[in-house]
Amino acid sequence: MGFFERSAHRGRLHLKYKNADNHKVFAKLQTWINAGYCATSPYLSCTSQYYYYTEKDTARSNDTSKWVTKSAKTGVPGTADYARAGIQVKLDIPLRTDVSSNVLWTNGAKY
């Protein structure tokens, strides 16, 4: 569906899809925080060492003729010093549950 550029609390997603029936594509940006350090090998996840803080959806798009860029931004609190982002592509289908991709996680970063 696309790719995204990431930092601790900002995501920009480039999307294109072919669909009909007023379906709309969007992304959900999640921010997770921690006041400590996440030490792990590149093959392991440290999701459990981060705690959910907030999330934001990008604007929805039903433009099937071209790639569109959508972005979302969340803040980070002063009570923590590490953050990581998760981004998930979703398809908004009227009157049905949204179809979702797996969450793609960034590495934790000190801010």
Side-chain angles (χ1 to χ4, degrees):
M1 272 192 182
F3 70 92
F4 76 99
E5 298 168 13
R6 62 192 188 252
S7 67
H9 59 278
R10 177 178 290 179
R12 190 171 73 196
L13 191 67
H14 304 281
L15 301 166
K16 184 175 182 182
Y17 80 110
K18 295 183 179 190
N19 213 321
D21 301 326
N22 198 29
H23 297 176
K24 294 179 175 81
V25 67
F26 69 103
K28 179 177 290 298
L29 174 68
Q30 301 175 21
T31 299
W32 292 63
I33 58 168
N34 192 349
Y37 180 71
C38 178
T40 184
S41 75
Y43 306 105
L44 299 175
S45 168
C46 16
T47 304
S48 63
Q49 294 187 15
Y50 284 84
Y51 301 94
Y52 175 81
Y53 178 64
T54 190
E55 64 187 39
K56 179 90 173 175
D57 290 348
T58 66
R60 285 153 170 75
S61 172
N62 61 356
D63 187 345
T64 60
S65 65
K66 61 181 179 182
W67 286 91
V68 294
T69 301
K70 298 296 177 186
S71 62
K73 182 178 177 181
T74 63
V76 290
T79 57
D81 56 358
Y82 283 83
R84 76 184 301 186
I87 196 159
Q88 188 174 35
V89 177
K90 294 182 162 270
L91 185 62
D92 184 359
I93 303 171
L95 305 176
R96 293 195 179 164
T97 304
D98 294 341
V99 177
S100 301
S101 71
N102 291 328
V103 178
L104 180 60
W105 293 103
T106 64
N107 293 324
K110 187 171 177 71
Y111 63 91

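Of all non-hydrogen atoms in V76 and Y53, the two that sit nearest each other are CA-CE2, 4.2 Å. The two residues Q30 and Q88 come nearest to each other via the heavy atoms NE2-OE1, 4.3 Å. Contact between Y50 and A109 at its shortest, heavy atoms only, is OH-N, 4.3 Å. A pairwise comparison of heavy atoms in V68 and S61 identifies CG2-OG, 3.7 Å as the closest pair. The nearest pair of heavy atoms linking I33 to P77 is CD1-CG, 3.5 Å.
Each salt bridge (Lys or Arg N to Asp or Glu O under 4.0 Å) pair with one or both residues in residues 93-111, not counting sequence neighbours, appears once here: D81-K110.
Taking the side chain as every heavy atom from C-beta outward, T58 and L29 never approach each other to under 4.5 Å.
With hydrogens and angles ignored, the 3.5 Å screen pairs a side-chain donor or acceptor of Y111 with a backbone N or O of A80. A donor-acceptor contact shorter than 3.5 Å links the side chain of R84 to the backbone of T106. A donor-acceptor contact shorter than 3.5 Å links the side chain of S101 to the backbone of V89.
Interatomic distance, K28 NZ to K90 NZ, rounded to the nearest 0.5 Å: 5.5 Å. The NZ atom of K24 sits 12.0 Å away from the CG atom of D63 when rounded to the nearest 0.5 Å. For the atom pair OG1 (T31) and CD1 (I87), the distance works out to 10.0 Å, reported to the nearest 0.5 Å.
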- Task: Given side chain to side chain contact (heavy atoms under 4.5 Å, CB included), test K70 with F26 step by step and report yes or no.
- Result: CA-CA 8 Å; K70 298 296 177 186; F26 69 103; over 6 Å; no
